[in-house]
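Comments concern the structure below.
Keep in mind that what you see is a predicted model, and the values were worked out from it rather than measured.
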Amino acid sequence: MKRTLISLLLVLTMTFALAAPALAEQEAPVKLRIAAPRSSEDQSSSFNDKEVVQKFCKEANVEVEWIEIPSGSITERKGVILASDLPDAFLGIVQQDDITANSDLFLPLQDLLPQYAPNIYEQFNSMGEQVWNICTWPDGNVYALPGNWMLATGNVVERQPMINQKWLENVGKKMPTTLDELYDVLKAFKEQDANGNGDPSDELPISCRPEDFIYFGGSWGFTNDFYRIEDGKVIGVAATEDYRAFLEFYNKLASEGLLDVESFSQTNDQWSAKFKGNRLGISWCWRPGTDLAGSECQKDFVSYLPVMAEGCEGRPAVPGSKTKFTGILVALAITTACKNPEAVLRFWDNASATTEQKMIFSQGFEGYTWGWDDAGRPIEFDVPAELDPENKGRAWWRFNLSAIDNVLPLILPHEQSYYPSDAFDPQAKYNLAMDVWEYVADQEESMPLRIVDAETLEEKTMIEPDLKNYLTSFVANSVINGVTDESWAKHLEELEKYQYSDYIEWQQKYYDGSF
């Protein structure tokens, strides 16, 4: 690993001629007002006191009056700002819905990008429709630019399936590869004092949070109540025989005490207490280092590879998407109050010009929390001890050396920084994602991100909440009490009552982009 430590003073004197676009000759910097979020961990007196911010303002020849909004009060403050005191631009703060509802307050950017933000324009084009789809409104205008990590690999898997490897060893079982083998493992967990505490009755072979239970449907190729996508067709899974088979299998587990039926009602704290108390054999979590922090059994959990039901092999089985956009949809939005939009774009385009510029904007100067590996890739690490004698920690340096709280230029997949395997915990999430990568949906099997008009969106939101509530209740009741021909027939009738066919049709149009 190459960690070249460069002093702040030296970095500030470096020339970024290749990174920064040529600036028009001006007698004085262009003055701008920009609203941006401020983290509670940011100890600077103002953004303008940060050397990173000074660097980017100088290179773009702008002088910014920052409207620094505490992260915890954004919802309250942004409404007032939109109604009365528009800044020239927002970094973060507003969301796509805010822009859709107030599009007359925001400047269309598509015609300005080629001239005033050529780096951004070229980078967006290099990703094909993937980026343009998420920032083009139904009227054809680009009112905002997305940002942050476009594809943070560790985050594309929404929840990780985990199994207690030590329990497997204690009961003499191997990782299950079929549903029958899974059943046998769960029986052994239940009957053989798998946690080794001398009490053969306190094991819960399977338990999870209520919102995670549907992920067990991955064995039948679906990880949400509503649909799966196959060959470009949105299939309403809740009306399929696969859905019924899923319910019947888990009803069998519940009836034999192999599934914790509190999985449908327990709070996160209740689930966490069981998880950390070494009572669970299989569950879903973000990563053990987060959900099991401080627990002795943290090291015992490993990735559980979903076992596929017969005939369902090859379908996605873990929630997430290999092409899931993990950034923020609105990083930069310029308002109609702005008299110099070209200056705002120049500032953001300069910060977006190269991987190095993006890393400096997001992490601060090289050598503290990031550097380059021997292959020229950005790598993140803990702050070297000689630079952090007070042991303030990586988070403190990241918030106080970087420019803005979690609002960054768009970092393309090939620019994504990574963590060495011996570094801090985020690398663990990446490793876990790689364990189950083959079970994560490809682009063609994933719902794309698009912007639709408010009226079209309302068609979905009028159906979805009641439908979701019904399906959640039906799944819990079916798993606990069983599924009969009569209850299944009644279920199919209820789906139509809750406009399930209309909902799936809406999703198909959204997938096709045919509204």
Original post:
Between Val142 and Cys135, is any pair of side-chain heavy atoms under 4.5 Å apart?
Top reply: yes

Original post:
Phe515 and Trp506: aromatic ring centres closer than 6.0 Å?
Top reply: yes

Original post:
Mind checking whether Trp348 and Phe361 have parallel, tilted or perpendicular rings, split at 30° and 60°?
Top reply: perpendicular

**OP:** Under the salt bridge (charged side-chain N to carboxylate O under 4.0 Å, His left out) rule, what do Lys78 and Asp98 come out as? Steps first, then yes or no, please.
**Re:** CA-CA 9 Å; Lys78 74 177 177 182; Asp98 299 316; 2.6 Å; yes

**OP:** Report the residue from Asp435, Ile282, Val318 that forms a side-chain contact (heavy atoms from CB on, under 4.5 Å) with Pro161.
**Re:** Val318

Subject >> For Tyr143 against Ser103, the heavy-atom pair lying closest together >> reply: CE2-O, 3.9 Å

Subject >> Over 12 foreign heavy atoms within 6.0 Å of CD, Glu313 >> reply: yes

Subject >> Of Leu258, Val185, Val171, Ile206, the residue whose pairing with Lys190 passes side-chain contact (heavy atoms from CB on, under 4.5 Å) >> reply: Leu258

Original post:
How far apart are the closest heavy atoms of Pro70 and Arg77, and which atoms are they?
Top reply: CD-NH1, 4.1 Å

Original post:
Is there a side-chain contact between Val436 and Leu305 (heavy atoms, below 4.5 Å)?
Top reply: yes

Original post:
Would Phe216 and Phe246 count as a close aromatic pair, with their ring centres under 6.0 Å?
Top reply: no

Original post:
Where do Ala309 and Trp220 come nearest, in terms of heavy atoms and distance?
Top reply: CB-NE1, 3.4 Å

Original post:
Counting only heavy atoms not in Asp231, do more than 12 fall under 6.0 Å of its CG?
Top reply: no

Original post:
Is there a salt bridge (charged side-chain N to carboxylate O under 4.0 Å, His left out) between Arg209 and Asp212 once you walk through the steps?
Top reply: CA-CA 5 Å; Arg209 305 181 310 164; Asp212 294 342; 2.9 Å; yes

Original post:
Do Pro176 and Ile163 touch side chain to side chain, with heavy atoms closer than 4.5 Å?
Top reply: yes

Original post:
Are Asn251 and Leu259 side-chain neighbours, meaning at least one heavy-atom pair lies under 4.5 Å?
Top reply: no

Original post:
About how many Å separate OG of Ser402 and CH2 of Trp370, when rounded to the nearest 0.5 Å?
Top reply: 13.0 Å

**OP:** State whether the side chain of Ser73 and the backbone N or O of Glu76 hold a donor-acceptor pair below 3.5 Å, judged by distance alone.
**Re:** no

**OP:** Verify, without hydrogens or angle tests, whether Glu445 (side chain) and Gly232 (backbone) share a donor-acceptor contact under 3.5 angstrom.
**Re:** no

Subject >> Spacing of CD belonging to Glu310 relative to OG belonging to Ser219, to within rounding of 0.5 Å >> reply: 13.5 Å

**OP:** Measure from the side-chain N and O atoms of Gln357 to the backbone N and O of Ser352, and report whether any donor-acceptor pair falls under 3.5 Å.
**Re:** no

Original post:
Side chains of Thr100 and Trp137: do they bring a donor and an acceptor to under 3.5 Å?
Top reply: yes

**OP:** Go through the steps for Ser321 and Glu158 under the test side chain to side chain donor-acceptor pair (under 3.5 Å), then give the verdict.
**Re:** CA-CA 9 Å; Ser321 169; Glu158 295 166 11; over 6 Å; no

**OP:** Decide whether Asn469 and Thr472 meet the rule of one side-chain donor and one side-chain acceptor closer than 3.5 Å.
**Re:** no

Subject >> Worked check of side chain to side chain donor-acceptor pair (under 3.5 Å) between Tyr215 and Asn224 >> reply: CA-CA 7 Å; Tyr215 298 150; Asn224 69 72; over 6 Å; no

**OP:** Measure the shortest side-chain to side-chain distance between Leu467 and Gln499 over non-hydrogen atoms and say whether it is less than 4.5 angstrom.
**Re:** no

Original post:
Does the salt bridge (charged side-chain N to carboxylate O under 4.0 Å, His left out) test come out yes or no for Glu494 and Lys490, once each step is laid out?
Top reply: CA-CA 6 Å; Glu494 290 294 298; Lys490 177 66 173 176; 3.6 Å; yes

Original post:
Is the number of heavy atoms from other residues, nucleotides or ligands within 6.0 Å of NZ (Lys166) greater than 12?
Top reply: no

**OP:** Run the numbers on Asp193 and Glu203 for side-chain contact (heavy atoms from CB on, under 4.5 Å), then give the verdict.
**Re:** CA-CA 7 Å; Asp193 188 23; Glu203 284 82 3; 3.0 Å; yes

**OP:** Check the surroundings of atom NZ in Lys509: do more than 12 heavy atoms from other residues, nucleotides or ligands lie under 6.0 Å from it?
**Re:** no

Original post:
Measuring from Glu248:CD to Leu253:CG, what's the distance to the nearest 0.5 Å?
Top reply: 12.5 Å

Original post:
If you count the non-hydrogen atoms of other residues, nucleotides and ligands that lie under 6.0 Å from OH in Tyr498, is the total more than 12?
Top reply: yes

**OP:** Taking atom types as modelled, find out whether Ser201 and Asp199 have a side-chain donor-acceptor pair closer than 3.5 angstrom.
**Re:** yes

**OP:** Kindly determine whether Val234 and Phe226 satisfy side-chain contact (heavy atoms from CB on, under 4.5 Å), including the steps that lead there.
**Re:** CA-CA 9 Å; Val234 179; Phe226 300 122; over 6 Å; no

Subject >> CA sep, side-chain torsions, deciding dist, call: Trp271, Ser283, side chain to side chain donor-acceptor pair (under 3.5 Å) >> reply: CA-CA 10 Å; Trp271 165 77; Ser283 193; 3.0 Å; yes

Subject >> Residue Glu41 excluded, over 12 heavy atoms near CD under 6.0 Å >> reply: yes

Original post:
When you measure from the side chain of Glu191 to the backbone N and O of Ala188, does any donor-acceptor pair fall under 3.5 Å?
Top reply: no

Original post:
Would a line drawn from the ring center of Trp284 to the ring center of Tyr304 be shorter than 6.0 Å?
Top reply: no

Original post:
Do Ser473 side-chain atoms and Tyr470 backbone N/O form a donor-acceptor pair below 3.5 Å?
Top reply: no

**OP:** Compare all side-chain heavy atoms of Lys460 with those of Gln507 and state whether any distance is below 4.5 angstrom.
**Re:** yes

**OP:** Starting from the C-alpha separation in whole Å, work towards a yes-or-no answer on side chain to side chain donor-acceptor pair (under 3.5 Å) for Asn197 and Asp202.
**Re:** CA-CA 9 Å; Asn197 68 350; Asp202 68 343; 2.6 Å; yes

**OP:** Taking the side chain as every heavy atom from C-beta outward, state whether Phe124 and Pro146 have any pair of such atoms under 4.5 Å apart.
**Re:** yes

Original post:
Do the side-chain N and O atoms of Ser207 and Gln266 include a donor-acceptor pair separated by under 3.5 angstrom?
Top reply: yes

Original post:
Between Phe249 and Tyr183, is the gap from one ring center to the other below 6.0 Å?
Top reply: no

Subject >> Single hit among Asp260, Asp269, Asp291 for salt bridge (charged side-chain N to carboxylate O under 4.0 Å, His left out) with Lys274 >> reply: Asp260

**OP:** Kindly check if the number of other-residue, nucleotide or ligand heavy atoms within 6.0 Å of CD (Gln110) is above 12?
**Re:** yes

Original post:
Would you say Pro378 and Lys358 make side-chain contact, with heavy atoms under 4.5 Å?
Top reply: no

**OP:** Determine, stepwise, if the pair Asp512 / Arg450 fulfils salt bridge (charged side-chain N to carboxylate O under 4.0 Å, His left out).
**Re:** CA-CA 10 Å; Asp512 295 335; Arg450 305 184 191 281; over 6 Å; no

**OP:** Could you pull out the closest heavy-atom pair between Ala144 and Ile99, with the gap in Å?
**Re:** CB-CD1, 3.7 Å

**OP:** Measure centre to centre between the rings of Tyr500 and His491, then say whether the value is under 6.0 Å.
**Re:** no

Original post:
What are the two closest non-hydrogen atoms of Tyr511 and Pro448, and how far apart are they?
Top reply: CD1-CD, 3.6 Å

Subject >> Side chain Asn195, main chain Asn278, donor-acceptor under 3.5 Å >> reply: yes

